[in-house]
Number of protein chains: 2
Amino acid sequence: MHDGLREPNHRTQGIIATLQAIGGKWKPLILFILLHDGTRRFGELRRLLPHITQGMLTSQLREMEQDGLIVRLVYNEIPPKIEYSLSDHGKTLSSVLADMCGWGFKHIEFMNQSKAESKNDSHAE
Amino acid sequence: MHDGLREPNHRTQGIIATLQAIGGKWKPLILFILLHDGTRRFGELRRLLPHITQGMLTSQLREMEQDGLIVRLVYNEIPPKIEYSLSDHGKTLSSVLADMCGWGFKHIEFMNQSKAESKNDSHAE
DNA sequence: CAGAATCCTACCTGATACTG
DNA sequence: CAGTATCAGGTAGGATTCTG
């Protein structure tokens, strides 16, 4: 996904690597759900991510599997059954994801507050 | 940027809000640089982000200004001089960014290791 | 210097149909 | 069930040129 992000010798390498791994549009969300819910099947993930398309979900899962973040377990059954879960390496993202989640709630409050303030400003005199 | 990410009543709200705020392709990187370098001018940011286009840099900065993450300080001079820095609210991202950076380095090691392992596998017999 | 404007492409979305 | 395939349409992002 990310390319052209190759600064040589820089301290930004870490962020860049993270962006390449989980910078996708849906990846943090999928990882967050797998982190909290444990193992999930494809259809369950679809239901938990109401607006994602099958194609997107498939591609995001495959990329993260490639990057060693998630494990794809195929049962040889009819009808097919496939389970997705975080790999051990994927689980090392838990603090990052938790931080992102926590900051998001702070950000929501912040935005509500600044909206309220600008409303006050506008009918102040 | 992100829309269609509106699950109602869910615990994913935090991640979703974070994704909307800093989910852009360049935002975490720009924020990381501003966090570590303090105040920077437009041209300096361009030089620190070798592959970003002016247009992208402008739009990302404007969006983050809108979201209250960064401060845009305009000097009324010729030639124009404009300084960007993190707002107080933007600075609350520091732990998230630091975590992302740290995880990125771990991920680089992980990927190198699994590459090495698969190389071993391939010429084992 | 810091950008605005334009154009262009690649990717994402949504719907639908098909397969093992 | 868990995909893959296809196509129309939109949006994010990239490249280039122009301006106060």
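Quick note on labels: first sequence line is chain A, next is B, and so on, each numbered from 1.
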Taking side-chain contact (heavy atoms from CB on, under 4.5 Å) as the definition, give me every residue that meets it alongside A:Phe105, ordered by chain and number, with sequence neighbours left out.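 If we apply the side-chain contact (heavy atoms from CB on, under 4.5 Å) test to A:Phe105, skipping adjacent residues, the hits are A:Cys101, A:Ile108, B:Gln13.
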Residues in side-chain contact (heavy atoms from CB on, under 4.5 Å) contact with A:Ser85, at least two apart in sequence or another chain: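 With neighbours one apart ignored, the set is A:Thr39, A:Val71.
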May I have the distance from [X] (atom [atom1]) to [N] (atom [atom2]), rounded to whole angstrom?
X: B:Glu83; N: C:dC1; atom1: CD; atom2: C1'; result: 13 Å
X: A:Met56; N: C:dC11; atom1: CE; atom2: C1'; result: 7 Å
X: B:Ile22; N: D:dA12; atom1: CD1; atom2: P; result: 17 Å
X: B:Ile78; N: C:dC1; atom1: CD1; atom2: P; result: 14 Å

Presence of A:Lys25 side-chain N/O under 4.0 Å of C:dT13 phosphate oxygens OP1/OP2: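 So the side-chain polar atoms of A:Lys25 do come within 4.0 Å of the phosphate oxygens OP1 or OP2 of C:dT13, strictly under.
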Between A:Trp26 and C:dC11, is there a side-chain N or O to OP1/OP2 distance below 4.0 Å?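 No, outside the criterion.
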Among Ile, Leu, Val, Met, Phe, Trp and Tyr joined by side-chain contacts under 4.5 Å, find the other residues sharing a cluster with [X] and list them by chain and number.
X: B:Ile78; answer: none
X: A:Tyr75; answer: A:Leu73
X: B:Phe110; answer: B:Met111

So with a 6.0 Å cut-off around CD of A:Glu77, is the heavy-atom count from everything else above 12?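 Above 12, so yes.
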Note the angle between the end axes of the helix from C:dC1-D:dG20 to C:dG20-D:dC1, five pairs defining each, rounded to 10 degrees.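 Roughly 50°, once rounded to the nearest ten degrees.
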What pairs meet the salt bridge (Lys or Arg N to Asp or Glu O under 4.0 Å) rule with one or both residues in residues 35-46 of chain A, with sequence neighbours excluded?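 Listed once each, the pairs are A:Asp37-A:Arg40, A:Asp37-B:Arg11, A:Arg40-A:Glu44.
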Scan for salt bridge (Lys or Arg N to Asp or Glu O under 4.0 Å) pairs involving residues 99-110 of chain A, sequence neighbours excluded, and state none if there are none.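 Every pair satisfying salt bridge (Lys or Arg N to Asp or Glu O under 4.0 Å) with a residue in residues 99-110 of chain A: there are none.
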Could you list, one pair per line, each protein nitrogen or oxygen that sits under 3.5 Å from a nitrogen or oxygen of nucleotides 3-8 of chain D, together with the distance?
unit_1 : atom_1 : unit_2  : atom_2 : d
D:dG3  : OP1    : A:Arg62 : NH2    : 2.7
D:dG3  : OP1    : A:Arg72 : NH2    : 2.8
D:dG3  : OP2    : A:Tyr84 : OH     : 2.5
D:dT4  : OP1    : A:Arg62 : NH1    : 3.0

Counting heavy atoms from C-beta on, name the nucleotide in D:dA2, D:dG13, C:dA2 closest to the side chain of A:Arg41.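 Of the candidates, D:dA2 comes closest.
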